[in-house]
Amino acid sequence: MPPGLVAGGFCFWLFLRSMPPENDPGLPDAPAPADEPTRVPLKIEDWLTVLIMAALALITFANVLVRYFTDSSFAWTEEFSVFLMILLAMVAGSAAVARDRHIRIEYFSEAGSMARRRRLAQFGALMVALLFFLIAALSLRVVWDDFRFEETSPGIGVPQWWYSIWLPIVCTAIGLRAVGLFIRRGRTVQE
């Protein structure tokens, strides 16, 4: 058997083992936790996710139809699909930060008193905010260079800044969501 097939099968087996049984009577049917109230509605990220996924599906479906019936393809679909997937990951990252669902090491985040956990949550939100504000600031230079040197995309030749302008915008949104989380966790600590 090829090593890649064995590794893929092992990963799939681990994935299946990590899923809880669907109809286990020992597991309570807990509803999904409700979102915390935020000043800027979380539906923005939810709807952007839906729209980006719909655009990806339509682009891919149109390309499949064109390839099937004409033996050629739309040249722009791959480049645009990659851009949309990156944008989707960043929008989903913004939603994850706002909902406090980002990756953490549970050994540290779930240990200790409630005040310690809340302070760690605040520290994590502060670090996320600093990181994404830094990325936003540094990526502004990339956008400026793309614009100034009239860089074009490799696939279809549109100005590269059409794609790169979204990096500082979405990074700023993620940073602001992290600041909002920091403030909400601070209010929780004082109560």
Side-chain angles (χ1 to χ4, degrees), residues 11 32-60 76-111 116-189:
C11 289
D35 291 334
E36 292 180 63
T38 59
R39 187 168 289 195
V40 178
L42 292 171
K43 290 194 184 269
I44 293 171
E45 283 93 344
D46 296 341
W47 275 106
L48 280 173
T49 300
V50 168
L51 293 173
I52 293 169
M53 287 296 293
L56 275 168
L58 288 173
I59 289 168
T60 304
W76 55 271
T77 57
E78 183 178 351
E79 182 175 300
F80 201 63
S81 293
V82 169
F83 162 70
L84 286 176
M85 283 188 267
I86 292 169
L87 187 62
L88 177 65
M90 296 195 68
V91 168
S94 177
V97 167
R99 289 184 170 106
D100 195 20
R101 302 237 195 267
H102 51 82
I103 296 172
R104 65 188 99 225
I105 300 172
E106 290 181 5
Y107 177 80
F108 296 111
S109 68
E110 300 298 324
R116 179 178 181 270
R117 286 188 238 165
R118 289 180 179 151
R119 291 287 178 212
L120 281 174
Q122 271 192 301
F123 178 72
L126 182 63
M127 292 297 105
V128 168
L130 288 174
L131 172 71
F132 280 98
F133 285 140
L134 179 66
I135 293 172
L138 294 174
S139 63
L140 281 173
R141 177 63 189 250
V142 171
V143 174
W144 174 245
D145 286 345
D146 286 345
F147 180 76
R148 182 174 53 154
F149 295 120
E150 298 178 2
E151 294 285 331
T152 57
S153 66
I156 55 176
V158 297
Q160 186 68 32
W161 68 268
W162 288 6
Y163 297 129
S164 59
I165 190 69
W166 294 100
L167 183 61
I169 291 170
V170 180
C171 284
T172 302
I174 294 172
L176 291 173
R177 286 293 194 186
V179 168
L181 180 64
F182 177 82
I183 292 169
R184 288 194 313 273
R185 291 300 173 258
R187 288 181 190 151
T188 308
V189 170

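Along the sequence shown, residues carry numbers from 1.
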Item to complete: Count the heavy atoms of every other residue, nucleotide or ligand shown that sit under 6.0 Å from CE of M53, and state whether that count exceeds 12.
Response: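 No, not enclosed.
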
Worksheet entry | Atom CD of E150: over 12 foreign heavy atoms under 6.0 Å |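 12 or below, so no.
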
Below 4.5 Å, heavy atoms only, C-beta onward: do [X] and [Y] meet side chain to side chain?
X	Y	answer
V40	R177	yes
V142	L167	no
W76	I59	yes
T60	T77	no
L56	F80	no
F133	V179	yes

Worksheet item: Hey, is D100 close enough to R184 for a salt bridge, meaning N to O under 4.0 Å?
Response: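 Here D100 does not pair with R184 in a salt bridge, since their nearest N and O are not under 4.0 Å apart.
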
Worksheet item: Taking 4.0 angstrom as the limit, do D46 and R99 come out as a salt bridge?
Response: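 Result for this pair is yes, salt bridge flagged.
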
Item to complete: Mark yes or no for whether E79, through its side chain, and S153, through its backbone, hold a donor-acceptor pair below 3.5 Å.
Response: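 No; zero donor-acceptor contacts below 3.5 Å.
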
Do you know which two heavy atoms are closest between [X] and [Y], and how far apart they sit?
X	Y	result
I135	C171	CG2-SG, 3.4 Å
S94	E45	OG-OE2, 2.7 Å
A178	V128	CB-CG1, 3.8 Å
L42	A98	CD2-CB, 3.2 Å
R148	R141	NH2-NH2, 3.9 Å
A136	T172	CB-OG1, 3.5 Å

Using 0.5 Å steps for rounding, measure from the [atom1] atom of [X] to the [atom2] atom of [Y].
X	Y	atom1	atom2	result
E110	R116	CD	CZ	10.5 Å
L181	L176	CG	CG	12.5 Å
W162	E151	CH2	CD	15.0 Å
S81	I52	OG	CD1	12.0 Å
D35	K43	CG	NZ	8.5 Å
I44	W47	CD1	CH2	13.0 Å

Practice prompt. Check the angle between the aromatic planes of Y163 and F83 and answer parallel, tilted or perpendicular using the 30° and 60° thresholds.
Written response: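 Rings of Y163 and F83: tilted, as their planes differ by 30° to 60°.
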
Worksheet entry | side-chain contact (heavy atoms from CB on, under 4.5 Å) assessment of L88 paired with L84 | CA-CA 6 Å; L88 177 65; L84 286 176; over 6 Å; no

